[in-house]
Number of protein chains: 2
Amino acid sequence: MAATQTARARVRAELTNEIVSAAREELASTGAAGLSLRAVARRLEMVPSALYRYFPSRDALLTALIVEAYEAVGMAAADADGRSGRNPADRWNAVCTAVRGWGHDHPNEWALVYGSPVPGYQAPQDTVEAALKVTRVIAGIFADAIPSGTPAPGRLPAAPDTMAAVVGPIEAELLPGRPPEAVAWVVMAWTGLIGMVSLELFGHYEGATTDFQQVFAYNMGALGHLAGVG
Amino acid sequence: MAATQTARARVRAELTNEIVSAAREELASTGAAGLSLRAVARRLEMVPSALYRYFPSRDALLTALIVEAYEAVGMAAADADGRSGRNPADRWNAVCTAVRGWGHDHPNEWALVYGSPVPGYQAPQDTVEAALKVTRVIAGIFADAIPSGTPAPGRLPAAPDTMAAVVGPIEAELLPGRPPEAVAWVVMAWTGLIGMVSLELFGHYEGATTDFQQVFAYNMGALGHLAGVG
DNA sequence: CCCTTGACATGAACACTGTTCTTGTTTACG
DNA sequence: CGTAAACAAGAACAGTGTTCATGTCAAGGG
């Protein structure tokens, strides 16, 4: 029967969620590299091998967490964008603040998705789609800030002719009709945002400043300004 | 006697170097998280516990590799800077290319220093000094490009008054007498360079472009231009 | 010169890890 | 009702970092 099937499937889905939740808590406390499948099992009062009925390997569990994290940070960015007004600069700054805030609240999840990849781990296709969420938000701001057909300002060096072809796929999807430089702006903005939060969370500004929040805000503002949403 | 002491100390130093070398090879092949102390011992035909005479823990061995990597990438940057001419734009581009090239040649070392920190690992003071090498090279280019006392151009929003105090320590050391915005430029440039290479090596531009080399070159050029060395 | 001290190497052991396999047990379906 | 599949349990394997007791050897002092 379909009802019994769904019953079994439902308890299975429930337990799968519980496993992911336990893994998330474990990740939050011990970090990505130290995430132990056995510790997750202990937390659930299960035997380690039982987890293999739900996830074929530790990497599969990690993948679930990665997708979750990508979607969470993407949601944080989208929410912040939605709550801010129509001004591109405000939207950009709001997104930067939100993304950085999420990273501070979930440093281990951040390291999991934006840190060094686990050796031998090959990102499945599920993750790359989830990873695009933040990019889409940023590209959306730029797409609104740069009307279609706008010529490139002289502030930036002209992109080489091949640039459009090089980044063709994402340009067509996210920034149709915009000048080829626009893709570079989005890449610069995204790279600057993710890069700066990463380097901060990974401790690379340690001792360089007494109030990184201020440096971050100024730099993101400047970056947005230069890239065209200022 | 001093001679005998140095003899023993010398063989000890030699063996220490051999251990680090073996660890470096091991790192290059298996990655940072998979670096196994026992595998290093096997490579040297030693018993694992013997390594503890030379390094108190696996983390200490990692620290040695981290310092080595920082110095290597810093050397690559400094060499490229030295080989290029006096034009700040050329120097900046040369450094970017060199740093990215080093990262491509040593992806695991890159992940070790710029990737997610090992959980529980606390960076000793040795590493932070070595980590500054690249920063110094970049700051040197900016210091030469921006004569002391130059007012900030209107291209960037003015830095808040507190900015100078916030980043005071490194400003005084690396960019004396430059406008407070100069520090932000260096931070932006360094962040953009390290961030972009990191995100590339960690696979975050996968599928976004067919020729990342070109995107990188263009973006670094634009970044340098905007930050004042163009 | 002997003899003690300390550095070194060894191998066994401990507490872990991810993963697999075998053995029941329960649950759904023809 | 009986069968086949899903599940849980526990033991086992190979691997990890680290510690400890034991043996071995060179250096230095009395």
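Here is the naming used below: chain letters follow the sequence lines, and residue numbers restart at 1 for every chain.
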Between P of D:dT18 and CG of B:Leu51, the distance in whole Å: 11 Å

Atom-to-atom span, CG of A:Leu35 to C1' of C:dC16 - whole angstrom: 15 Å

For B:Leu61, report the nucleic acid contact type (base, sugar-phosphate, nothing); a contact means any heavy atom under 4.0 Å. nothing

Could you say whether A:Ser49 or A:Ala39 is positioned toward the 5' end of DNA chain C, judged by the nucleotide with the nearest heavy atom to each? A:Ala39

Does a nitrogen or oxygen in the side chain of B:Tyr52 sit under 4.0 Å from OP1 or OP2 of C:dG11? no

Taking the side chain of A:Arg38 as its heavy atoms from C-beta onward, which of C:dT10, C:dG18, D:dG17 lies nearest to it? C:dG18

If you check the B:Ala50 side chain, which of D:dA8, C:dT19, C:dA9 turns out closest? C:dA9

To the nearest Å, how far apart are B:Arg58 CZ and D:dT19 P? 14 Å

In B:Val137, B:Thr97, B:Val229, B:Asp81, the residue satisfying side-chain contact (heavy atoms from CB on, under 4.5 Å) with B:Trp92 is B:Val229

Given D:dT16, D:dT18, C:dT17, the nucleotide with the shortest approach to the side chain of A:Arg42: C:dT17

What is the distance from CZ of A:Arg12 to C1' of C:dT26, rounded to the nearest Å? 15 Å

For a quick test of reading the model, state the closest non-hydrogen atom pair linking A:Val186 to A:Leu175 and the distance between them. CG2-CD1, 3.5 Å

To the nearest angstrom, how far is B:Ile19 atom CD1 from C:dC8 atom P? 10 Å

Does OP1 or OP2 of D:dA6 have a side-chain N or O of A:Arg53 closer than 4.0 Å? no

Rounding to a whole Å, what distance do you find between B:Glu26:CD and D:dT16:P? 9 Å

For B:Phe55 and D:dT18, give me the distance from atom CZ to atom C1', rounded to whole Å. 16 Å

If only side-chain N and O atoms of B:Ser36 are considered, is one of them under 4.0 Å from the OP1 or OP2 phosphate oxygen of D:dG15? no

Nucleotide of D:dC7, C:dT10, C:dG18 approaching B:Val47 most closely (side-chain heavy atoms): C:dT10

Whole Å only: how far is the CE atom of A:Met46 from the C1' atom of D:dA9? 11 Å

Check the angle between the aromatic planes of B:Trp190 and A:Tyr205 and answer parallel, tilted or perpendicular using the 30° and 60° thresholds. perpendicular

With a 4.0 Å cut-off, would you call A:Arg136 and A:Glu129 a salt bridge? yes

What orientation do A:Tyr114 and A:Tyr70 show, parallel under 30°, tilted 30 to 60°, or perpendicular over 60°? perpendicular

